[in-house]
Amino acid sequence: MSILITNGRVVTATDDYFADVYIEGEKIAQIGKNLNVTADETIDAKGKLVIPGGIDPHTHLEMPFGGTTSADDFETGTIAAAHGGTTTLIDFAIQTKGESTIKGLDTWHAKADGKATIDYGFHMIITDMPDERLPEMTKLRDEGISSYKLFMAYPGVLYVDDGTLYRAFRKAGDDGTRICMHAENGIVIDEIVKQAVLDGKVEPRWHAKTRPTRMEAEGVHRAIAIAEVAEVPLYIVHLSSSDALDEVRTGRARGVDVIAETCPQYLFLDETYYDKPGFEGAKWVMTPALREAWNQDELWQGLMFRDLETIATDHCPFCMKDQKELGKDSFTKIPNGAPGIENRMSLVFNGGVVQGRIDLNRFVEITSTAAAKAFGLFPKKGTIAVGSDADIVIFDAERKETISIDNPITHHMNVDYSAYEGFEIQGFTETVLSRGRVIVRNTKLETRGGGQFIKRVGQGELLR
Ligand code: URP
Ligand code: ZN
Ligand code: ZN
């Protein structure tokens, strides 16, 4: 099968030009003006942007958490992602404490295999790492799992102590892989939470009030110090506050190999969402919590000056009915997480490019290329170049939509609310190709399934 995309404006992290893109099978075969080729199908992209498929390096599909399981699985979640212009995601496999990480990986392969519409990889969440288990990390790397996530938060669930952090960091560094860190001092936060509950402060807004930004900053500071000594590249996930960003800046200025991710929720939402009437604030109970609005300008600055390198969603949807409701009597029982996998590209385009904060190249970089480079997917993914996978989004920079649970064009996620209800955005994904297959055409799903597990490579290697 061959496809010719004509007349589009091709934008990558570094380039911006008008050209045709010719796809043979799964790969981009030629790029040029007025290409003299015959294709099985021609797609006219006149007036549209032709950009690399988005890469969302932080999602939680079918994740058991908070006494329930996140509402999107690999079928519904990857379809929603595709509609939003994301063609690759990196989800998280979880090691059950005391058990093999390889077993955890097998469990997540079984969840995804044959269900996904877009390509995917896994980070491995490490919940314990005694010396005798360290060789598993080399095996994981050889299986294409070239990054790990560890938690300073959620004591008794996913939390690990600093000794475990150091052991895992050392081994990951030796193996040429990367560490992702949920950086928040969960031990102190648990004490603050305990006191709040004793004082009868149990409404959703206390979730935010019991998680100070200083405890996020402390976690980031500690993670950077440990990574520096252990000599491992570090990636701070879901960074939410100016205090935490300052620590990243300080570490980078010192020469530490640390990059950081933020998420649309921290760029566009703020802690006043918890003050909505009744139990509605539960929709935004996520960790880290939404912050005071002034933090948003600081995060945009971080994106402009490259102290923040990627925007992921941390998509971890729980329905209000039966799931968020588990915490009706106390915020401590509300499953942590919110939906967003479908809205990322439009939100960032609107808030970034349309509002004049970043240019088109930086938009592509923070939604695709930088994640490909950080996580061993580049140049197979994350760019439009001869030899790269034909993961391409035809994006209408002028089209306006209102994000809503009631707008079938903006909501395919399997969750009963939108975290961005009523947001008016400019910039919308129209047609999406995944490895040369049209999976979404003019906003309609055309192909279901066919997503593949991608074996990622280590730091400094290229994936072809
Ligand atoms: O609230 C969140 N972020 N839930 C997902 C788990 C995590 O910490 O990323
Ligand atoms: Zn986390
Ligand atoms: Zn997460």
Side-chain angles (χ1 to χ4, degrees), residues 58-77 91-99 101 103-104 107-108 110-112 122-128 149-160 182 184-198 200-211 237-238 263 265 273-274 276 278-290 313-341 413-419:
H58 188 157
T59 66
H60 301 278
L61 301 177
E62 205 186 323
M63 181 204 193
F65 199 48
T68 181
T69 299
S70 62
D72 269 313
D73 63 11
F74 280 83
E75 184 177 352
T76 61
D91 205 86
F92 294 86
I94 306 180
Q95 173 200 21
T96 304
K97 222 178 219 116
E99 292 187 8
T101 55
K103 195 170 157 205
T107 303
W108 257 261
K111 287 175 193 266
F122 296 118
H123 312 278
M124 171 58 64
I125 290 178
I126 290 175
T127 54
D128 73 355
K149 183 177 178 188
L150 291 98
F151 290 78
M152 291 170 167
Y154 312 126
V157 186
L158 298 169
Y159 166 89
V160 293
H182 181 133
E184 271 187 307
N185 190 322
I187 299 292
V188 172
I189 287 169
D190 258 20
E191 292 298 317
I192 304 172
V193 167
K194 239 190 316 185
Q195 189 58 51
V197 172
L198 281 174
K201 298 167 173 168
V202 290
E203 297 79 19
R205 68 197 180 94
W206 291 102
H207 175 72
K209 298 209 180 300
T210 54
R211 309 187 85 86
V237 296
H238 50 46
C263 310
Q265 51 270 36
Y273 280 72
Y274 298 118
K276 300 223 180 234
F279 188 60
E280 199 183 345
K283 290 177 178 172
W284 298 278
V285 167
M286 62 182 80
T287 304
L290 299 179
T313 58
D314 194 8
H315 178 74
C316 190
F318 297 104
C319 291
M320 283 297 274
K321 188 165 164 28
D322 296 338
Q323 296 197 297
K324 292 283 186 181
E325 276 176 0
L326 292 170
K328 263 254 177 275
D329 297 330
S330 172
F331 72 90
T332 59
K333 303 249 165 36
I334 300 172
N336 285 198
I341 203 167
M413 298 170 283
N414 186 36
V415 59
D416 60 5
Y417 72 97
S418 168

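- Remark: Leu150 CG to Ile125 CD1 distance equals 9.0 Å, nearest 0.5 Å.
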request  = Give the intermediate values and the outcome of ring-ring contact (aromatic ring centres under 6.0 Å, His included) for residues Tyr154 and Phe65.
outcome  = CA-CA 11 Å; Tyr154 312 126; Phe65 199 48; 5.1 Å; yes
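- Smallest separation of non-hydrogen atoms from Thr127 and Leu158: CG2-CD2, 3.9 Å.
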request  = Carefully, step by step, assess Glu325 and Lys328 under the rule salt bridge (charged side-chain N to carboxylate O under 4.0 Å, His left out).
outcome  = CA-CA 5 Å; Glu325 276 176 0; Lys328 263 254 177 275; 5.4 Å; no
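- The structure places CZ of Phe151 at 13.5 Å from OH of Tyr159, a figure rounded to the nearest 0.5 Å.
- Remark: the Thr68 side chain and the Gln323 side chain contain an N/O donor-acceptor pair separated by less than 3.5 Å.
- Looking only at distances, no side-chain donor or acceptor of Thr76 sits under 3.5 Å from a matching main-chain atom of Asp72.
- Using a distance-only test at 3.5 Å, with no hydrogens or angles considered, no donor-acceptor pair links the side chain of Asp128 to the main chain of Lys97.
- Rounding to the nearest 0.5 Å places NE2 of His238 at 9.0 Å from CD of Gln265.
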task = Test Tyr273 against Trp284 for ring-ring contact (aromatic ring centres under 6.0 Å, His included), laying out the working first.
result = CA-CA 7 Å; Tyr273 280 72; Trp284 298 278; 4.9 Å; yes
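- Rounding to the nearest 0.5 Å gives a distance of 5.5 Å between CE of Met413 and OG of Ser418.
- Contact check for Lys149 versus Met124: no side-chain heavy atoms found under the 4.5 Å cut-off.
- Tyr274 places a side-chain N or O within donor-acceptor distance of the main-chain N or O of Leu290, the cut-off being under 3.5 Å.
- Minimum heavy-atom separation, Asn336 to Phe318: O-CE1, 3.3 Å.
- Here the CG atom belonging to Asn185 is positioned 8.5 Å from the CD1 atom belonging to Ile192, to the nearest 0.5 angstrom.
- The only option from Lys209, His207, Lys201 that meets the side chain to side chain contact (heavy atoms under 4.5 Å, CB included) definition with Arg205 turns out to be Lys209.
- The six-membered or imidazole ring of His60 lies near that of Phe92, with a centre-to-centre distance under 6.0 Å.
- Residues Gln95 and Thr101 share a closest heavy-atom pair of CD-CG2, 3.6 Å.
- Tyr417 places a side-chain N or O within donor-acceptor distance of the main-chain N or O of Lys283, the cut-off being under 3.5 Å.
- Counting heavy atoms from C-beta on, the side chains of Glu184 and His182 come closer than 4.5 Å.
- Lys103 NZ: 12 or fewer foreign heavy atoms inside a 6.0 Å radius.
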task = Mind running side-chain contact (heavy atoms from CB on, under 4.5 Å) on Met320 and Phe279 for me, showing each step along the way?
result = CA-CA 9 Å; Met320 283 297 274; Phe279 188 60; 4.0 Å; yes
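- Here the closest heavy-atom approach between residue Ala282 and residue Ile334 is recorded as CB-CD1, 3.9 Å.
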task = Go through Leu61 and His315 one step at a time and tell me if the side-chain contact (heavy atoms from CB on, under 4.5 Å) criterion holds.
result = CA-CA 8 Å; Leu61 301 177; His315 178 74; 3.8 Å; yes
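- Between Val193 and Phe331 the shortest heavy-atom distance is CG1-CZ, 4.0 Å.
- Side chains of Met63 and Cys316 form a contact here, defined as non-hydrogen atoms less than 4.5 Å apart.
- To the nearest 0.5 Å, atoms CG (Asp190) and CD (Gln195) are separated by 13.0 Å.
- Of all heavy-atom pairs spanning Ala419 and Pro339, the tightest one is CB-O, 3.8 Å.
- Considering only heavy atoms from C-beta on, Glu62 comes within 4.5 Å of Lys111 through its side chain.
- Within a 6.0 Å sphere centred on NZ of Lys333, heavy atoms belonging to other residues, nucleotides or ligands number 12 at most.
- At a threshold of 4.5 Å between non-hydrogen side-chain atoms, the residues Val202 and Asp329 do not count as touching.
- A distance-only check finds no donor-acceptor pair linking the side chain of Asp91 to the backbone of Phe122 [under 3.5 Å].
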message = Please evaluate residues Thr332 and Val197 with respect to the criterion side-chain contact (heavy atoms from CB on, under 4.5 Å), reporting the C-alpha separation (whole Å), side-chain torsions for both, the decisive distance (0.1 Å), and the verdict.
response = CA-CA 9 Å; Thr332 59; Val197 172; 3.8 Å; yes
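- Taking the side chain as every heavy atom from C-beta outward, Lys324 and Cys319 never approach each other to under 4.5 Å.
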